[in-house]
Number of protein chains: 2
Amino acid sequence: MSRREAILERAVEVASEEGLEGLTIGRLSSELGLSKSGLFGHFGSKEELQLAAVDAASAIFFDEVVKPALKEPEGAPRLRVYCHGWVGYLEREVFSGGCFFAAAAAEFDGRPGPVRDRLRDGQGAWLDELAKQARVAGVEDPKQFVFEVHALVQGANARYQLFDEQDAFARARRAIERLLPA
Amino acid sequence: MSRREAILERAVEVASEEGLEGLTIGRLSSELGLSKSGLFGHFGSKEELQLAAVDAASAIFFDEVVKPALKEPEGAPRLRVYCHGWVGYLEREVFSGGCFFAAAAAEFDGRPGPVRDRLRDGQGAWLDELAKQARVAGVEDPKQFVFEVHALVQGANARYQLFDEQDAFARARRAIERLLPA
DNA sequence: CCTACCGATCGGTAGG
DNA sequence: CCTACCGATCGGTAGG
């Protein structure tokens, strides 16, 4: 693992807990035992560090949620594995502070710029892929389906993070089962 | 309107856009045309300012969503007005940066302390009230119902804030209609 | 990769 | 309510 990768591994963790703005160069460098300017040199600006953290988190999401479903045939089987994998990735606490993307989106949705754009494009691609599988699976209204599944998954994350409700994930799964094609 | 109320009106607005941590004393005081220490004196600490902003936002939520429903009889009629009022409050952009509470919860769910506690207690009381009306309305599983409605409303807010999808609110209403008792 | 520094801003205080 | 200040930390730069 390169030094840059080691920095980003920690950066993603910190950002999921404290937000992408709480990801300060001073804090991150002292935690990793290198100088501020040493860390800074890997990215060139705080914004580049934030963008790199978004990309690193996206790669983790791909490995944890998307990749395992690619063995399944397109349509209903893959859609089901996507949905349950999405809930499972939150339940397993892949990021210590909950869903990196939900936290980052809430933080940056009111701040126009490259970080917001990267978050929107990444989440957009994932939601489009879900809608595609829903269409192949014969779901009546794929966009409505994706809207509801997205809401339920994010709702479970929010409940778990703020209220420590362990059963939030089971509730999301139950509601999603009702939406999935039989 | 007292000076303190004027400060909090602006504080709630800023916090909904930039977060409760972005609510800096320096920024807020310069926007309002008074000195930092002048503003500081009204609250005593940044944390007290944040708590006061949460309370001010809660009062607005009560006026916008809860109060109009109190004319309706308990049970199904009041539940329906609660749910549609909740969506409507986001659609009307009562807070310029979207749902104050969703943003604040995402920001503070990983930071133990009085602000997180205040947010959790306030949202908890609202969700309990929804569950109570659902029970009176004869909803089969009131807790599951509230989980799903909460998710759908927050999902619409997230979609609208990040993707500018105008139809997110209509999608939430459609899904909620399917859950409400006939 | 480092030390040493820059101006700006942070939350907060002293004193009036 | 104000001016004037405190130490700490921010993102970032110079120079090696």
Side-chain angles (χ1 to χ4, degrees), chain A residues 1-56 103-104 107-108 110-119, chain B residues 1-56 103-104 107-108 110-119:
Chain A
M1 187 167 60
S2 72
R3 173 129 259 185
R4 193 174 193 272
E5 287 168 330
I7 293 168
L8 288 171
E9 188 175 305
R10 185 73 197 123
V12 166
E13 205 74 0
V14 170
S16 83
E17 291 166 18
E18 315 275 349
L20 276 168
E21 213 55 54
L23 195 65
T24 71
I25 291 165
R27 176 189 167 168
L28 197 57
S29 60
S30 76
E31 279 189 24
L32 291 164
L34 76 169
S35 69
K36 268 174 60 177
S37 68
L39 187 146
F40 189 86
H42 284 283
F43 304 97
S45 74
K46 179 169 185 181
E47 190 168 86
E48 288 296 331
L49 167 62
Q50 290 172 327
L51 289 168
V54 173
D55 291 343
E107 191 177 3
F108 276 84
R111 308 182 198 183
V115 177
R116 188 191 130 124
D117 292 347
R118 192 73 61 97
L119 289 165
Chain B
M1 185 169 60
S2 72
R3 172 129 262 185
R4 193 172 192 274
E5 287 169 330
I7 293 168
L8 286 172
E9 188 174 307
R10 184 73 197 122
V12 167
E13 205 72 3
V14 170
S16 84
E17 291 168 16
E18 315 274 349
L20 276 168
E21 213 56 54
L23 195 65
T24 70
I25 292 165
R27 177 189 166 169
L28 197 58
S29 61
S30 77
E31 279 188 24
L32 291 164
L34 76 168
S35 69
K36 268 174 57 178
S37 68
L39 187 145
F40 189 86
H42 284 283
F43 303 96
S45 73
K46 179 168 186 184
E47 189 168 86
E48 287 297 330
L49 167 62
Q50 291 173 327
L51 289 169
V54 172
D55 291 343
E107 191 177 3
F108 276 85
R111 308 184 199 183
V115 177
R116 188 191 129 124
D117 292 347
R118 191 75 60 99
L119 289 165

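A, B, ... follow the sequence lines: proteins, then strands. Residue 1 opens every chain.
Within 6.0 Å of CD on B:Glu9 lie no more than 12 heavy atoms contributed by other residues, nucleotides or ligands.
Rounded to whole Å, the distance from CG on A:Leu39 to P on C:dT3 is 14 Å.
Without hydrogens or angle criteria, B:Arg111 side chain to A:Glu18 main chain gives a donor-acceptor distance under 3.5 Å. For the pair B:Glu47 (side chain) and B:Pro114 (backbone), a donor-acceptor distance under 3.5 Å is absent. Of the possible donor and acceptor atoms, one in the side chain of A:Gln50 sits under 3.5 Å from a partner among the backbone N and O of A:Leu20. Here the side chain of B:Glu48 pairs no donor or acceptor atom with the backbone of B:Ser45 at under 3.5 angstrom.
Across every non-hydrogen atom of A:Ala53 and A:Val12, the tightest pair is O-CG2, 3.5 Å. Nearest heavy atom pair, residue A:Gly26 against residue A:Ser29, reads O-OG, 2.9 Å.
How far CZ of A:Arg27 is from OG of A:Ser30: 8.5 Å, rounded to the nearest 0.5 Å.
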Original post:
Dot-bracket for DNA chain D, 5' to 3', counting Watson-Crick or G-U wobble pairs under 3.5 Å, with [ ] for crossing pairs and | for inter-strand pairs?
Top reply: ||||||||||||||||

Look for any protein N or O under 3.5 Å of an N or O in nucleotides 11-13 of chain D and output each such pair with its distance, or none.
from   : atom 1 : to      : atom 2 : distance (Å)
D:dG11 : OP1    : A:Lys46 : NZ     : 2.8
D:dG11 : OP2    : A:Ile25 : N      : 3.1
D:dG11 : N7     : A:Lys36 : NZ     : 3.1
D:dG11 : O6     : A:Lys36 : NZ     : 3.3
D:dG12 : OP2    : A:Lys46 : N      : 2.6
D:dG12 : O6     : A:Lys36 : NZ     : 3.4

